[in-house]
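Presented below is the structure to which this report refers.
Bear in mind that the values here come from a model prediction, so they are computed numbers and not experimental data.
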Amino acid sequence: MPRFSANLGFLWQGMPLLDQIEAAARAGFRAVEMHWPYDTDPKAVRAACERLGLTMLGVNTVKGDTAKGENGLGALPGREAEFQDAVDQAIAWQVAAGGKAIHAMAGMVKPADRPAATSTLVENLSVAADKAAAHGITLLLEPLSPRAAPGYFYSTLRGAGEIIARVGKPNVKIMFDVFHVGCAEGDVLTNLSTWWPHIGHVQIAAVPSRAEPDEGEIHFPAIFKALDEKGYAGWVGAEYRPRGDTDAGLTWVKALGVSLG
C-alpha cells in the first residue's frame with residue numbers, strides 16, 4: 001500500500017508549523033508537505049523532520065496579492081519578475097528545509113487572456129525548471145477544479161500536460177490530486193493511467209466534500225491498488241479538510257485498510 005504524507009496546510013490547522021510537524025509524527029505519518037511555510041525557519045523544519053524521522057516533501061510558490069484574489073503568478077503577463085522571485089524563495093526555502101518539490105502556481109486567468117498567459121507560463125516555467133533542477137527539485141503543476149478555484153489557469157490534466165509538453169523539461173510534472181480530478185473530470189482511474197508518465201505526486205481527499213477519504217464518490221482502495229500495480233514509489237499526500245479534530249478523523253486509515261508509514 002502507498003505511504004502517506006501529512007499536508008500541513010490543512011491538517012492540525014491553528015498550530016505553529018513546528019508543532020504540526022510533531023503532531024504528524026505522533027499520528028504515524030512519515031512525511032510532510034506544506035502550502036506556504038515561509039514564515040518558519042526552514043532549518044528548524046529540517047531539524048524537526050530529521051529528529052522525528054520525517055521526509056520533507058513539497059511547498060507552493062506564493063499566491064501574490066490575495067486581497068485581489070490572486071492565486072499564483074506563473075501565467076500572469078507582466079508579473080514575470082515576481083514569479084521568478086517566488087520560485088527563488090521556494091527553492092531557497094526547500095534547499096534549507098531538505099524538500100524536493102515545489103508546486104509552481106499558475107494563477108487566475110480570464111478566457112480572453114489565455115493565449116498570452118500560456119506563452120508567459122511556458123517561458124516562466126522553462127527558466128524556473130532549470131533553476132530547480134540545479135538543486136534536484138521537481139516543479140509540480142496542479143490542475144485546480146472550478147469548484148475549488150474558479151478561473152484558475154488550468155482545471156484539467158490535459159491543460160497541465162500541454163504546458164509540460166511545451167516546456168519540455170524532465171523535472172516538470174503533474175500533481176495528481178484525486179479531489180480536483182474527481183470534481184473537474186471524473187474517470188479517475190483512467191486519467192491516472194493516461195497521465196501516469198507525467199505524474200510527480202499524488203494527493204487525496206473525498207469527492208465532493210474534500211474531507212477525509214472515507215466518504216464520498218471515490219473508492220480509494222481502488223486508487224491505492226492502481227498505484228501499487230503501477231509501482232508507485234512516491235508518497236500520497238493527505239490534503240483534506242478534516243470534518244473536525246484532525247486526530248479524531250484519522251479513523252479513515254483503519255477504515256480503508258492502510259497504514260500511514
Side-chain angles (χ1 to χ4, degrees), residues 1-62 89-103 135-138 140 142 173 175-179 199-206 209-215 220-221 223-224 227-228 232-261:
M1 280 292 173
R3 304 170 299 167
F4 296 89
S5 166
N7 189 296
L8 302 181
F10 287 162
L11 306 186
W12 295 285
Q13 284 194 9
M15 298 170 60
L17 180 58
L18 295 178
D19 291 343
Q20 289 178 289
I21 293 171
E22 295 271 359
R26 284 196 303 271
F29 286 99
R30 301 267 56 87
V32 291
E33 55 195 67
M34 301 156 192
H35 287 167
W36 302 280
Y38 302 111
D39 60 350
T40 302
D41 181 356
K43 293 181 180 178
V45 169
R46 178 192 282 266
C49 288
E50 290 178 350
R51 176 173 53 84
L52 296 166
L54 298 173
T55 298
M56 173 64 205
L57 299 179
V59 300
N60 297 346
T61 55
V62 295
Q89 176 190 39
I91 290 174
W93 199 94
Q94 284 290 66
V95 168
K100 291 297 182 182
I102 295 168
H103 171 203
H135 300 282
I137 291 174
T138 298
L140 298 170
E142 182 179 16
K173 300 284 188 180
M175 177 111 76
F176 190 98
D177 187 318
V178 174
F179 167 77
I199 293 173
H201 187 50
V202 176
Q203 293 178 328
I204 60 170
S209 67
R210 209 173 191 180
E212 285 89 344
D214 56 1
E215 66 176 52
F220 280 96
I223 304 293
F224 303 151
L227 292 172
D228 282 346
Y232 182 59
W235 299 85
V236 174
E239 194 197 34
Y240 59 84
R241 298 184 184 275
R243 291 179 291 254
D245 177 74
T246 297
D247 288 297
L250 289 172
T251 52
W252 68 264
V253 177
K254 183 177 180 180
L256 297 184
V258 297
S259 62
L260 292 177

Notebook entry, point to check: Considering the options Arg30, Gln203, Glu33, which one meets the side chain to side chain contact (heavy atoms under 4.5 Å, CB included) requirement together with Trp235?
Noted result: Arg30
Pairs under 3.5 angstrom only: tabulate donor-acceptor contacts from the side chains of residues 22-29 to other protein residues two or more places apart or in another chain.
| unit_1 | atom_1 | unit_2 | atom_2 | d |
| --- | --- | --- | --- | --- |
| Glu22 | OE2 | Arg51 | NH1 | 3.2 |
| Glu22 | OE2 | Arg51 | NH2 | 2.5 |

Note to self: Are the side chains of His35 and Phe10 in contact, using a 4.5 Å heavy-atom criterion?
What the structure shows: yes
Next item on the list: Check Ile204 against Pro213 and note the closest heavy-atom contact, atom names and distance.
Entry: CD1-CG, 3.9 Å
Next item on the list: Report yes if some heavy atom in the side chain of Asn7 is under 4.5 Å from a heavy atom in the side chain of Tyr240; otherwise report no.
Entry: no
Next item on the list: Nearest 0.5 Å please: distance from the NE2 atom of His103 over to the CD atom of Glu142.
Entry: 5.0 Å
Note to self: To the nearest 0.5 Å, what is the distance between OG1 on Thr246 and CG on Leu8?
What the structure shows: 9.5 Å
Note to self: Minimum heavy-atom separation for Val59 and Ala90, please, with both atom names.
What the structure shows: CG2-CB, 4.4 Å
Check: Knowing that exactly one of Ile102, Asp41, Val45 qualifies, which makes a side chain to side chain contact (heavy atoms under 4.5 Å, CB included) with Trp93?
Finding: Val45
Item checked: Arg210 side-chain N/O to Ala205 backbone N/O, donor-acceptor pair under 3.5 Å -> no
Next item on the list: Could you pull out the closest heavy-atom pair between Pro2 and Leu227, with the gap in Å?
Entry: CG-CD1, 4.1 Å
Notebook entry, point to check: Once you round to the nearest 0.5 Å, how far does CG of Leu256 lie from CD of Glu212?
Noted result: 10.5 Å
Checklist line | Closest non-hydrogen atom pair, Arg243 against Ala211 | finding: CG-CB, 3.7 Å
Note to self: With heavy-atom distances below 4.5 Å as the criterion, would you say the side chains of Val253 and Phe4 are in contact?
What the structure shows: no
Checklist line | Side chain proximity check, Phe220 to Trp252, heavy atoms < 4.5 angstrom | finding: no
Checklist line | Inter-residue atom distance Phe179.CZ - Arg241.CZ, 0.5 Å rounding | finding: 8.5 Å
Checklist line | Flag side-chain contact, heavy atom, 4.5 Å: Thr55 against Cys49 | finding: no
Notebook entry, point to check: Looking at Leu54 and Ala31, what are the two nearest heavy atoms and their distance?
Noted result: CD2-N, 3.8 Å
Next item on the list: Enter the distance from Leu250:CG to Asp245:CG here, rounded to the nearest 0.5 Å.
Entry: 8.5 Å
Margin query: Is the shortest side-chain heavy-atom distance between Ile21 and Met34 below 4.5 Å?
Written below: yes
Next item on the list: Of all the heavy-atom pairs spanning Trp36 and Thr61, show the shortest one and how long it is.
Entry: NE1-O, 2.9 Å
Next item on the list: Answer yes or no: is there a side-chain heavy-atom contact under 4.5 Å between Leu57 and Lys100?
Entry: no
Checklist line | Close side-chain approach of Pro42 and Gln94, heavy atoms under 4.5 Å | finding: no
